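Okay, so here's the structure we're looking at.
Just so it is clear, the structure is predicted and the values come from calculations on it, not from any experiment.
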Amino acid sequence: MSLATTPSTTSCSSNGGARGCRRSSYPRFPLLQAPISRISFAAVGIARTHQNPPIGRRNTAHLAKAAEQQQSDAEEQNNKYEEYEVELVQPYGLKFAKGRDGGTYIDAIAPGGAADKTGLFTVGDRVVATSAVFGTEIWPAAEYGRTMYTIRQRIGPLLMRMQKRYGSTDYSGELTEKEIIRAERNSGVVSNKVREIQLQNYMKKMEQKQQRADDLRVGLQLYKEAKYEEALEKFESVLGSKPELDEAAVASYNVACCYSKLDQVQAGLSALEEAMKSGFEDFKRIRTDPDLTNVRASPGFDPLIKRFDESFINENAINAIKSLFGFKSK
């Protein structure tokens, strides 16, 4: 599938193996539970309603309406942003986040990495389209999970069509103070701004947490049905919505299992590393889980797990000391 845009002017540069083109265009458009044989985290329910319901209802009603208006404004604003194209090779040196609109945004840029060397990326930039998994097709970045799957699976250089956001981070789930003030001005309601911001952001966080739990549950079911690519989209969606560490650990582990099943070993190792960085410490499971068979067969597996498994390191150290004194290791 190709993504059509109107004619534009383009200037390109090359730096460190990455090709970048800037365009001015105006497009038209350890809680370890395994109820389904994979790891899951417990869903957390929505918090109870605050006291003084009349005030809460009055405050949240106009804020909800303002949030909808903000989403509409954002969609309108999208047509005004400049676009640019960049071609990168792995490792890309980018971290992504899921926006309020379900889109994919740049959350962090690794200093000195391929993306950083182009001088084009800024935090907050939106992914408009990417290369397909293989070949020369360009796929629109319509949904976060699918976009991340494409980026991770890409064979060869990755072409990214980006929307320049000039450092704006208004893609996140929380409303800013500026947005709250604008909401009040538009609605004619004057209230305690700090309380409003805290309440609205708290409610949004609870909604996001519930959505992550739902995505994981659906992902587990898809995994059980051997629909690994579809399961990946759900697990990636969890990782893109700023999960807590335990959620990130569980989701990343399941991503690693999906890639192992798909025989995408390098992507599986990368996801497994992210799982352990987030606190996944069931090393016995990692070493024995049949769903990680392909990943464990990789030469990169042992060096990776030894970096995190302290018990394994300590056991080797003890055995080395025993050998110095003539004791045999059991």
Do [X] and [Y] sit in the same hydrophobic cluster, where Ile, Leu, Val, Met, Phe, Trp and Tyr count as joined when their side-chain heavy atoms come under 4.5 Å apart?
X: L222; Y: L216; answer: no
X: L272; Y: V265; answer: yes
X: I155; Y: L262; answer: yes
X: F301; Y: L292; answer: yes

Residues forming a side chain to side chain donor-acceptor pair (under 3.5 Å) with Q211, sequence neighbours excluded:
D215
Pairing residues for E233 by the side chain to side chain donor-acceptor pair (under 3.5 Å) criterion, not counting sequence neighbours:
R146
Pairs satisfying salt bridge (Lys or Arg N to Asp or Glu O under 4.0 Å), at least one member in residues 249-272, at least two apart:
K261-D291
Heavy-atom pair with the smallest gap, counting every atom of [X] and [Y]:
X: A271; Y: V255; result: CB-CG1, 3.6 Å
X: A251; Y: V238; result: CB-CG1, 3.8 Å
X: K164; Y: Y84; result: CD-CE2, 3.6 Å
X: A249; Y: A275; result: O-CB, 3.6 Å
X: A132; Y: T150; result: C-CG2, 4.0 Å

Side-chain donor/acceptor of [X] to backbone N/O of [Y], under 3.5 Å:
X: T118; Y: A115; value: yes
X: R152; Y: S270; value: no
X: R161; Y: T130; value: no
X: D125; Y: T122; value: yes
X: E143; Y: G145; value: yes
X: S260; Y: A256; value: no
X: S131; Y: L159; value: yes

Yes or no on ring pair (Phe, Tyr, Trp, His ring centres under 6.0 Å) for F283 and F308, after CA distance, side-chain angles and deciding distance?
CA-CA 9 Å; F283 301 112; F308 294 90; 7.5 Å; no
Run the side chain to side chain contact (heavy atoms under 4.5 Å, CB included) test on V133 and R154 for me, step by step, so that the C-alpha distance in whole Å, both residues' side-chain angles and the decisive distance to 0.1 Å come before the verdict.
CA-CA 4 Å; V133 173; R154 172 64 183 173; 6.0 Å; no
What about Y105 and F96, are their ring centers closer than 6.0 Å?
no
[X] with [Y]: basic N within carboxylate O range, under 4.0 Å:
X: D101; Y: R126; answer: yes
X: R287; Y: D309; answer: yes
X: K277; Y: E273; answer: yes
X: K242; Y: D107; answer: yes

Does Q266, at its CD atom, have more than 12 non-hydrogen atoms belonging to other residues, nucleotides or ligands within less than 6.0 Å?
no
Start with the C-alpha gap between Y259 and V295, add the side-chain angles, then the distance that decides, and say whether side chain to side chain contact (heavy atoms under 4.5 Å, CB included) holds.
CA-CA 8 Å; Y259 281 123; V295 167; 5.9 Å; no
With distance as the sole criterion, is a donor-acceptor pair present between the side chains of [X] and [Y] under 3.5 Å?
X: Y253; Y: D289; answer: yes
X: K98; Y: T104; answer: no
X: E236; Y: Y144; answer: no

Using side chain to side chain donor-acceptor pair (under 3.5 Å), reason through R165 and Q163 one step at a time and then give a plain yes or no.
CA-CA 6 Å; R165 309 279 293 196; Q163 190 179 74; 3.1 Å; yes
Give the intermediate values and the outcome of side chain to side chain contact (heavy atoms under 4.5 Å, CB included) for residues T293 and R296.
CA-CA 5 Å; T293 298; R296 284 197 300 272; 3.6 Å; yes
Rounded distance [0.5 Å steps], SG in C258 versus OH in Y223:
6.0 Å
Check step by step if side chain to side chain contact (heavy atoms under 4.5 Å, CB included) holds for V127 and M160.
CA-CA 7 Å; V127 183; M160 302 180 71; 4.0 Å; yes
